[in-house]
> 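The structure's right below; bear with me while I get my questions together.
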Protein chains: 2
Amino acid sequence: MARTFVTAEEVAKRAGVSRSAVSRTFTPGASVSKAVRRKVLKAAGELGYRVNRLAQVLNNDRSNLIGVVGANLSSPFISKQLDLLSIGLLRQGKQCLLLNAADARQDIAPLIELLFEFRAQAIVVLSGEPPGSIVDECIANGVRLILINQRLDRTDTNMVLSDDSHGADLAALRLIKANCRKVAVVTSGSQTPAQLRRANAFTQRMQAEGVEVVAWSGGPTSYESGLQAGRELLADKAIDGAFCVTDLLALGFLDAARLEMNRRVPQDISILGFDDIPQAGWKSYELTTVAQSFESLTEKVLSALDSDDLETRLQVVPVTLVERQTAR
Amino acid sequence: MARTFVTAEEVAKRAGVSRSAVSRTFTPGASVSKAVRRKVLKAAGELGYRVNRLAQVLNNDRSNLIGVVGANLSSPFISKQLDLLSIGLLRQGKQCLLLNAADARQDIAPLIELLFEFRAQAIVVLSGEPPGSIVDECIANGVRLILINQRLDRTDTNMVLSDDSHGADLAALRLIKANCRKVAVVTSGSQTPAQLRRANAFTQRMQAEGVEVVAWSGGPTSYESGLQAGRELLADKAIDGAFCVTDLLALGFLDAARLEMNRRVPQDISILGFDDIPQAGWKSYELTTVAQSFESLTEKVLSALDSDDLETRLQVVPVTLVERQTAR
DNA sequence: TAATCAAATGATCACGTGTGCATTTTTCAG
DNA sequence: CTGAAAAATGCACACGTGATCATTTGATTA
């Protein structure tokens, strides 16, 4: 028990060849005769030999390890993202070193430093904002850094993000079309940059159109926070529209409106979300929402990882309004 | 650009000490004088030195890498599991190497072999059944294998699973209490062992009580499959109870019943689920369900990883019935 | 001060690979 | 059959670290 792994040396001895031959057998494009290759593969199979990738990296320096940092991994939005990303990475022959930031407010710098120690080739940040010093360090060490839905004010980092402000604009126009006179904009208490961009763009547009806007903010980015928002905001009978910057918030708000605050949706109030998580399409909700394309986001991230051009730094993915049943 | 990482050698040179001193500075419990440690830390800080964990592993053989294999990472159940697990691993100072099996039916053997190459200390399987040969290989190489909600017929593997049959029993008793006369049991087409255990235990109990049971199976484990099940099954007006072996299925079934097949829940039909995912508690559903304790499951896994006793192989975590509004 | 002992230090080895280099074997054309 | 080119092979080095060991430094006691 607790035996150690088989080494190339042992395989070589058993096959009656040099260790180099073993190494070459498992190195594509290397020069080995058929006969030797066969002997090596036979011995390797019998012993259960596996190349030690950690030792490989030592003189290869291509670790194929991609660090992924994120929080709230069980939220529908992030988990979908992680799902697609991890599938794509595997397809690219890369491995996914996952670090959970647990709390979204937690500083992710220590996690990224940990990834440095593992010589990660690149780091994908699903949520949380890396401090500038860390970004510098990534560049200094040749580690590619890719931020999702995070906009940093620098030109030396890869950023892939949905078109938040345009999405917020779509939401605003939709509520105007629904003839709303007084609308709520709901964000979570964590106030991520993406949420702020959406809320601000929305508010700006609505006010430009002369519609009164009430802002609400609180709690984590969750269904429960949306519920709470609905309970508090809908004490005001005048509110006839709401833009929740996240679907989770919107679904909670929707339930509060219909089931607790006695509103008919969309007759009495129009409710819009953002993200288009699977639950938004469930029959009990049929939420009208601004859809991010998870597939496009992931595709951009993967291509940024794969290609060697460091040109296209900022990639904005278009969003679309998905009409369902919660807007008049 | 694409500069390489700083090595201990360079730090030593800058600090005017030997490389050994650098190594010792970063090795807890090693013998270094205050003065040298200070010089080393200063130089390391200036150069941005990070220990190379991959090189460490080479003569340490404690990689601290834990392989995690799973499919459907964006499903509420699996993602919650992964969330808790990755947090716990980080807290234990271990790293999480995530491999996404994409399709639940996919053979996970190649993924586990890949983890061998990275010298993973242990492997946690969230979903999918590893072939026996792989299990043998894990043991031969001293890699601890931990299966979640997967019961293998061998005594040399760690298994952590919820008490499926008891849970199914709870569900059966609840439907009997609701005076159901003809009930449906819904599984997905993937028919995982866990799903089968639940369905079988349920069916057995119901039939023992003289209640007629109709089985339905199809599609992936998803909301949509539950919807489909509801549409097809509820053409039969006699069905007055349903046990869906997964909450996702149950929520789809519930929506089909109420919104498409014109049933009142729970007056006309009682619907039970299994898992207790967050959505089950949402106000629009209020699903009565058998709850798995995500926390307990994760805790067992983590302790199995941490401790060195290989005694307790099979750990069964109790389940509880959560009463909400979908059972009469 | 001298003797004893603990602490600190540097050189060296081991970990498991891939690869450059020199050498040997095989292939092929004349 | 011979000579040249090509392919295959083994040796040795490098990758970056932790640990062992002998040696040196510093502190403590008589």
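We name chains A, B, ... by the order of the sequence lines, and we start the count at 1 in each one. Hydrogens, waters and symmetry mates play no part in the numbers below; they use all other heavy atoms, side chains included.
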> Are OP1 or OP2 of dG18(D) and a side-chain N or O of Ser23(B) less than 4.0 angstrom apart?
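So the side chain of Ser23(B) is within the cut-off, an N or O lying under 4.0 Å from OP1 or OP2 of dG18(D).
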> If you look at every strand shown and take non-hydrogen atoms under 4.0 Å, does Thr27(B) touch a base, only sugar-phosphate, or nothing?
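Sugar-phosphate contact only - Thr27(B) comes under 4.0 Å of backbone atoms but never of a base.
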> Could you tell me how far apart Glu9(A) (CD) and dG10(D) (P) are, to the nearest whole angstrom?
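Nearest whole value for this atom pair: 12 Å.
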> From CZ of Arg50(B) over to P of dT17(D), roughly how many Å is that when rounded to an integer?
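Spelled out: CZ on Arg50(B) to P on dT17(D) is 13 Å.
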> Looking only at side chains, do Asn64(B) and Gln92(B) share a donor and an acceptor under 3.5 Å apart?
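Their side chains do not contain a donor-acceptor pair, so the 3.5 Å distance test is not met.
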> How long is the line joining CD of Glu10(B) and P of dT17(D), in whole Å?
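In whole Å, dT17(D) P lies 9 Å from Glu10(B) CD.
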> Is a donor-acceptor pair below 3.5 Å formed from side chain Arg62(A) to base dG18(C), judging by atom type as modelled?
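For Arg62(A), whose side chain was compared with the base of dG18(C), there is no donor-acceptor pair (under 3.5 Å).
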> Touch check for Tyr49(A), heavy atoms < 4.0 angstrom, all strands: base, sugar-phosphate only, or nothing?
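Counting heavy atoms under 4.0 Å across all strands, the contact made by Tyr49(A) is with sugar-phosphate only.
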> Taking the nucleotide of DNA chain C with the nearest heavy atom to each, does Asn59(B) or Val17(B) sit closer to the 5' end?
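Here Val17(B) is the residue nearer the 5' end.
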> Please determine whether any donor N or O and acceptor N or O are separated by less than 3.5 Å between the side chain of Ser18(A) and the base of dC11(D).
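Between dC11(D) and Ser18(A), which were checked side chain against base, a qualifying N/O pair under 3.5 Å is absent.
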> How would you label the contact of Val51(B) with the nucleic acid (heavy atoms, under 4.0 Å): base, sugar-phosphate, or nothing?
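Contact class for Val51(B): sugar-phosphate only.
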> Would you say Thr7(B) reaches dT17(D)'s phosphate, i.e. side-chain N/O to OP1/OP2 under 4.0 Å?
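Indeed, a polar side-chain atom of Thr7(B) lies that close.
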> Does dA8(C) have OP1 or OP2 under 4.0 Å away from a side-chain N or O of Ser31(B)?
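Affirmative; the distance criterion is met.
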> Can you tell me how far P of dA8(C) sits from CZ of Arg38(B), to the nearest Å?
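To the nearest whole Å, that distance equals 14 Å.
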> Starting the side chain at C-beta, find the nucleotide from dG16(C), dT12(C), dG16(D) nearest to Ser20(B).
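Closest of the options to the side chain of Ser20(B): dT12(C).
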> Looking at dG10(C), does its base get a donor-acceptor pair with the side chain of Arg24(B) below 3.5 Å?
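Yes, the side chain and the base share a sub-3.5 Å donor-acceptor pair.
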> In whole angstroms, how far is the P atom of dA19(D) from the CG atom of Leu58(B)?
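About 13 Å, once rounded to whole Å.
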> Mind calculating the distance between CD (Glu117(A)) and P (dT17(D)) to the nearest angstrom?
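The answer, rounded to whole Å, is 10 Å.
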> Determine, step by step, whether Ser79(A) and Leu73(A) satisfy the side chain to side chain contact (heavy atoms under 4.5 Å, CB included) criterion, reporting the C-alpha distance in whole Å, the side-chain angles of both residues, the deciding distance to 0.1 Å, and the verdict.
CA-CA 5 Å; Ser79(A) 67; Leu73(A) 261 41; 6.0 Å; no
> Regarding Gln195(A) and Thr221(A), is there a side-chain donor-to-acceptor distance under 3.5 Å anywhere?
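Per modelled atom types, Gln195(A) and Thr221(A) side chains form a pair under 3.5 Å.
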> Please report, rounded to the nearest Å, how far the P atom of dC15(D) is from the CZ atom of Arg53(B).
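These atoms are roughly 22 Å apart.
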> Would you say the base of dG16(D) and the side-chain of Arg119(A) have a donor-acceptor pair closer than 3.5 Å?
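When only heavy-atom distances are counted, Arg119(A) does not reach the base of dG16(D) through any donor-acceptor pair under 3.5 Å.
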> Got a donor-acceptor pair under 3.5 Å from the side chain of Ser33(A) to the base of dA7(D)?
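No, no donor-acceptor pair under 3.5 Å.
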> For a 4.5 angstrom cut-off between non-hydrogen side-chain atoms, does Leu90(A) reach Leu99(B)?
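When only atoms from C-beta onward are counted, Leu99(B) and Leu90(A) do touch, with a gap below 4.5 Å.
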> Is the shortest heavy-atom distance from the side chain of Leu114(A) to the side chain of Arg53(B) under 4.5 Å?
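Heavy-atom side-chain distance check passes, below 4.5 Å.
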> Between Asn52(B) (CG) and dT17(C) (C1'), how many Å, whole number?
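Asn52(B) atom CG is separated from dT17(C) atom C1' by 14 Å.
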> Heavy atoms under 4.0 Å, any strand shown: does Val57(A) hit a base, just sugar-phosphate, or nothing?
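Here Val57(A) touches no strand at all.
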> Under 4.0 angstrom, heavy atoms only, what part of the nucleic acid is Arg37(A) near: base, sugar-phosphate, or nothing?
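The answer is nothing, as Arg37(A) stays clear of every strand by at least 4.0 Å.
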> Report yes or no: is the cationic atom of Arg119(A) (NZ for Lys, CZ for Arg) under 6.0 Å from the centre of the six-membered ring of Phe5(B), at an angle within 45° of the ring normal?
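Checked: cation-pi criterion met.
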